[in-house]
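These notes concern the structure reproduced below.
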Amino acid sequence: MDVGFEADGTVTRAAVAVLRYPELDVLETAIAHRPTEFPYIPGLLSFRELPAVLEALEKLREPPDLLLCDGQGIAHPRRLGIASHLGLLVDIPSIGVAKTRLCGRHDAVANQRGAWTPLRANGEVIGAVLRTRPGVRSVYVSPGHRISLETAIAYVMGCCTRYRLPETTRRAHRLASGQMVVSLG
DNA sequence: GCGACAG
DNA sequence: ATCTTGTCGC
């Protein structure tokens, strides 16, 4: 799942891409548009993006077995990032994969694919800072709904091939950005 | 009170 | 997120 916006900023566009695991080939995609009626406020991203995301999900012929969201899971001040919120609403296991940190602290991460260090807040582990690829910034992985941190990390790594972000996120982002690519096979 | 702050 | 300049590598 990923979200994009119109040039005038009045419309939110949500895109979802369903990939088979672990092959990672695209099975289905969907896009939805909704008026943007909520501003971007750190900690309240769900209220801005979920309406369009839910609409896009409903367009799928079959519901996914796992959701990877562009944002935090429980690595959130109230432990309810967009991945957690979405997973809860549709009752599907979900994972948050954010490009930057919202909250929590952590040590440096080894520069090796798969290396990770705990993201902590208030004495509890709320996620992992994961190196999906050597030589690039790490990503912030956190459980969203009905999944453990270890399992979440395993799925995220399983979705990362030659780029920093999971193929699921990249596909959805491309759709939201209107960048189409034909694939023959 | 001050700094931090997903997309 | 969006915008913009400069650099590196295939």
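Below, chains carry the letters A, B, ... as their sequence lines are ordered, and counting in each starts from 1.
Atom-to-atom, CD1 of A/I74 to C1' of B/dA6 comes out at 15 Å; the value is rounded to the nearest Å. The distance between atom OH of A/Y163 and atom P of C/dG9, rounded to the nearest whole Å, is 17 Å. Atom pair A/H76:NE2 and B/dG7:P shows a separation of 13 Å (rounding to whole Å applied). Regarding A/I126, its CD1 atom lies at a distance of 12 Å from the C1' atom of B/dA6, rounded to whole Å. In this structure, A/E49 atom CD and B/dA6 atom C1' are separated by 9 Å, rounded to whole Å. To the nearest angstrom, C1' of B/dC5 lies 12 Å from CD1 of A/I41. Computed from coordinates, the A/L44 CG to C/dA1 C1' distance equals 16 Å when rounded to whole Å. If you measure from atom CZ of A/F47 to atom P of B/dC5, you get 21 Å, rounded to the nearest angstrom.
Annotation for A/R137: atom CZ does not count as buried by contact number, only 12 or fewer foreign heavy atoms lying within 6.0 Å.
Put simply, A/Y40 rests on the base of B/dG7: the two rings are less than 5.5 Å apart at their centres and nearly parallel, under 30°.
Among the heavy atoms of the strands lying under 4.0 Å from A/G43 is at least one base atom, whether or not backbone atoms are also near.
Phosphate contact (OP1/OP2 of B/dA6, side-chain N/O of A/K99, threshold under 4.0 Å): absent. Using a 4.0 Å cut-off, some side-chain N or O of A/R101 falls inside it from OP1 or OP2 of B/dC5. A/T100 has no side-chain polar atom (N or O) that falls below the 4.0 Å cut-off from OP1 or OP2 of B/dC5.
A donor-acceptor pair under 3.5 Å links the side-chain atoms of A/N111 to the main chain of A/G135, judged by distance alone.
Between A/R79 and A/E124 there is a salt bridge, since a side-chain N of the basic residue sits under 4.0 Å from a carboxylate O of the acidic one.
Within the cation-pi definition used here (under 6.0 Å to the ring centroid, within 45° of the axis), A/R133 does not qualify as a partner of A/Y163.
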